[in-house]
Amino acid sequence: MARLPSSYEPPVHAFGNRLGSNGLYGDLRAAILTGRLRPGARIPSSRELAGKLGVARGTVVAAFEQLAAEGYLDARPGSGTRVSAVLPDTLLSRVGPARSRAEAAHSTPALSARGRQLARTPFPIAPALTHVGAFRPHMPALQEFPIKLWATIVSKQARSLTTQSLVDGDARGHALLRCAIAEYLGSARGVRCTEAQVLVLASVQQGLDLATRLLLDEGDLAWCEDPGYAGAVAGFRAAGIAPCPIPVDEYGMDVAWAERRHPTARMAYVTPAHQAPLGVSLSLPRRLTLLDWARRRKAWIFEDDYDSEYRYSGKPLPPLQSLDENDCVLYAGCFSKTLFPALRIAYLVIPVGFADAFAAARSVTSRYPPVLDQLVLAEFMREGHYARHLRRMRQLYAERRSLLVKLVNQRLANKLEVMNNATGLNLVCWLTQGLSQDALLERCKSSGLAVHALSRYSAEWKRRQRDGLVLGFASMTAPAIRIAVGKLAGALDC
């Protein structure tokens, strides 16, 4: 049999200490695929080739073994090593003649119905790479976050890691963080829970996903506020749950309307402390009506305590969870707005009898959360830094909101009507009659303003509401607010 053809001259310099067997593997594979080494051709022995290349024999053996494992070489005792008669790339090419895109699409496996719903996400896949503009809603004042203090705690916790810290985590979340969250919720929000009921998650969205998997069946109905959180609607649809948009007025979700129209719903998603995006609070009579509906129908309430920490006047109403006597409320919150979005830590408080089931489901869907960030947040809370940061941000945001309201009323009163709910990180303004919302948004974008239309939060906006804007103020300094209001006035005057 012919030895390695003379046309095959491996680049000797490629097989030194830097590339080793990888270089030889690549060159031999290329020679086989390009036809310089044909099927059945005999390959020199590892000893011979090693001598020719000036490399260790083990380097050649490793390359041969990899090529044999992938089906390019056939090594048989007494016959030496040869190029395989049938190459793996040849097999891969035997799928028939080239097909049109339409033919390929018809025969290629497709997304499932659930997959198609999940692919219709309301969230951005990647962060914006350019400046997002003034008035961006839902954005905290990240420049005010005590990043040096946080970094100090991160360093301390990283240095304190032990071997025990590196093993599997708890599906419920680290005990230290669950205790800190339970203590905070009890003292600051009046939530009745122990650490055993707290589940640490990456987001409220993850909590809602778990709740729908565990508590609802495909085809069930779920109430959603309208306007409201698009993530809830998307999450329900992805799980095969039919979302029922329920109108929101100055008292929050219209519970009586919901029960008349959709009495058989199995869950209600609600933001009672600070309705997103309108900022109203669910009135006490409606809270009691909602709890009574859940009791009578044996339904569930998913309480997203969105932005409850940021209320600038009056005393907040107690959470639904604190009024629940029938274990039908799941209470969720996160640290994205109070600390920073990239932290990705949230929590779900679960009725006692269901805590184990949720922990088991978490272990199946995503196992357990990363440990280091939990330890850092736990210390940040236990040492009082979280409470101090909240107090400082509450005062700062109140000042920024007050300035924005004052400037809008002074300069834009004939164009915008402020919805004066002193909560959250955003200001909602109704447009006066005659203004074109779509044209206004284009002018705002051209001026570098990142305002949102209220209609983007609603499934049935045109039938129920006037047009309006959502203006984020929390991340803007006083000078920035003044400049942005001037730009908004210019956009409204066009």
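Computed from a predicted structure; not experimentally measured.
One finds the CG atom of L215 at 7.0 Å from the CZ atom of F354 (value rounded to the nearest 0.5 Å). Considering CZ of R172 and CG of L201, their distance stands at 13.0 Å, rounded to 0.5 Å. The CD atom of E218 sits 7.5 Å away from the CD1 atom of I241 when rounded to the nearest 0.5 Å. To the nearest 0.5 Å, atoms OG1 (T264) and CG (L221) are separated by 4.5 Å. Here the OH-CG distance, from Y306 to L425, works out to 6.0 Å after rounding to the nearest 0.5 Å. Between atom CG of residue N421 and atom CG of residue L427 there is a gap of 9.5 Å, rounded to the nearest 0.5 Å.
At least one donor-acceptor pair under 3.5 Å links the side chain of R400 to the backbone N or O of M476. Remark: side-chain polar atoms of S402 are not paired, donor with acceptor, to backbone N or O of E399 under 3.5 angstrom. In terms of modelled atom types and a separation under 3.5 Å, the side chain of D493 and the main chain of G490 share no donor-acceptor contact. In this structure a side-chain-to-backbone donor-acceptor pair under 3.5 Å is present from Y312 to G424. Under the 3.5 Å distance criterion, the side-chain polar atoms of E183 are left unmatched by any main-chain donor or acceptor of C179. At least one donor-acceptor pair closer than 3.5 Å links the side chain of T423 to the backbone N or O of G279. The backbone N or O of L449 sits nowhere less than 3.5 Å from a side-chain atom of S447 that would complete a donor-acceptor pair.
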For this session: Show your reasoning for whether ring pair (Phe, Tyr, Trp, His ring centres under 6.0 Å) applies to Y368 and H174.
Result: CA-CA 9 Å; Y368 53 85; H174 199 285; over 10 Å; no

Problem set entry | R391 vs E309, salt bridge (charged side-chain N to carboxylate O under 4.0 Å, His left out): CA-CA, chis, key distance, verdict | CA-CA 9 Å; R391 286 194 297 269; E309 294 85 358; over 6 Å; no

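Under 3.5 Å, the side chains of S155 and T152 contain no donor-acceptor pair of N or O atoms. Between the side chains of S458 and D226, at least one donor-acceptor pair of N or O atoms lies under 3.5 Å. When only modelled atom types and interatomic distance are considered, E225 and T271 share a side-chain donor-acceptor pair under 3.5 Å. Of the N and O atoms on the side chains of Q437 and S455, at least one donor lies less than 3.5 Å from an acceptor on the other residue. In this structure, a donor-acceptor pair under 3.5 Å is present between the side chains of R344 and S336.
Taking 4.5 Å as the limit, some side-chain heavy atom of D373 sits within range of a side-chain heavy atom of I345. Considering only heavy atoms from C-beta on, R311 stays 4.5 Å or farther from H274 through its side chain. The shortest distance between side-chain heavy atoms of D324 and P319 does not fall below 4.5 Å. A heavy-atom distance below 4.5 Å is not found between the side chains of C224 and P245. A heavy-atom distance below 4.5 Å is found between the side chains of D254 and R286. Within the 4.5 Å cutoff, side-chain heavy atoms of L488 are placed close to those of L412. Looking at heavy atoms from C-beta onward, L330 lies out of side-chain contact with V349 at the 4.5 angstrom threshold. Considering only heavy atoms from C-beta on, W300 stays 4.5 Å or farther from V329 through its side chain.
Between L142 and P341, the shortest heavy-atom contact is CD2-CD, 3.7 Å. What you find for V200 and P369 is that their closest heavy atoms are O-CG, 4.0 Å. Contact record, S475 with P140: CB-O, 3.5 Å, taken as the closest heavy-atom pair. Scanning both residues, P243 and V233, for their nearest heavy atoms gives CG-CG1, 3.9 Å. Counting all heavy atoms, side chain and backbone alike, M419 lies closest to L278 at SD-O, 3.8 Å. L214 and A361 get closest at one heavy-atom pair: CD1-CB, 3.7 Å.
Under the 30°/60° scheme for interplanar angles, the aromatic rings of Y457 and H452 are found to be tilted. Between Y269 and F236, the ring-plane angle classifies as perpendicular under the 30° and 60° cut-offs.
Residues meeting the salt bridge (Lys or Arg N to Asp or Glu O under 4.0 Å) test with R178, sequence neighbours left out: D170. With sequence neighbours excluded, no residue forms a salt bridge (Lys or Arg N to Asp or Glu O under 4.0 Å) with R394. For Y251, the ring-ring contact (aromatic ring centres under 6.0 Å, His included) test picks out no residue, with sequence neighbours left out. Every ring-ring contact (aromatic ring centres under 6.0 Å, His included) that Y386 has, sequence neighbours left out, goes to Y184, F335. With sequence neighbours excluded, no residue forms a ring-ring contact (aromatic ring centres under 6.0 Å, His included) with F135. Shown here are the side-chain contact (heavy atoms from CB on, under 4.5 Å) partners of N409, two or more places apart in sequence or in another chain: V405, V418. R297 pairs by the salt bridge (Lys or Arg N to Asp or Glu O under 4.0 Å) definition with nothing, not counting sequence neighbours. Listed by chain and number, the residues in a salt bridge (Lys or Arg N to Asp or Glu O under 4.0 Å) with R114 amount to none (sequence neighbours excluded). Residues meeting the ring-ring contact (aromatic ring centres under 6.0 Å, His included) test with F358, sequence neighbours left out: none.
Checked against P277 for a side chain to side chain contact (heavy atoms under 4.5 Å, CB included), the options L454, V248, N426 give a single hit: L454.
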Side-chain polar contacts of residues 376-385 - donor-acceptor pairs under 3.5 angstrom, sequence neighbours left out - could you list them?
{"residue": "E379", "atom": "OE1", "partner": "Q157", "partner atom": "NE2", "Å": "2.5"}
{"residue": "E379", "atom": "OE2", "partner": "K156", "partner atom": "NZ", "Å": "3.0"}
{"residue": "H385", "atom": "ND1", "partner": "R388", "partner atom": "NH2", "Å": "2.8"}

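Sequence neighbours left out, the pairs with a member in residues 185-205 that pass side-chain hydrogen bond (donor to acceptor under 3.5 Å, both in side chains) are R189-D305, R189-S308, Q205-Y229. Screening residues 350-364 for side-chain hydrogen bond (donor to acceptor under 3.5 Å, both in side chains), with sequence neighbours left out, gives R362-S366.
Within 6.0 Å of CD in E250 there are more than 12 heavy atoms belonging to other residues, nucleotides or ligands. More than 12 heavy atoms of other shown residues, nucleotides or ligands fall within 6.0 angstrom of atom CD in E144. Within 6.0 Å of the CD1 atom in I147, the count of heavy atoms belonging to other residues, nucleotides or ligands does not exceed 12.
Aromatic ring centres of W223 and W257 lie farther apart than the 6.0 Å criterion allows.
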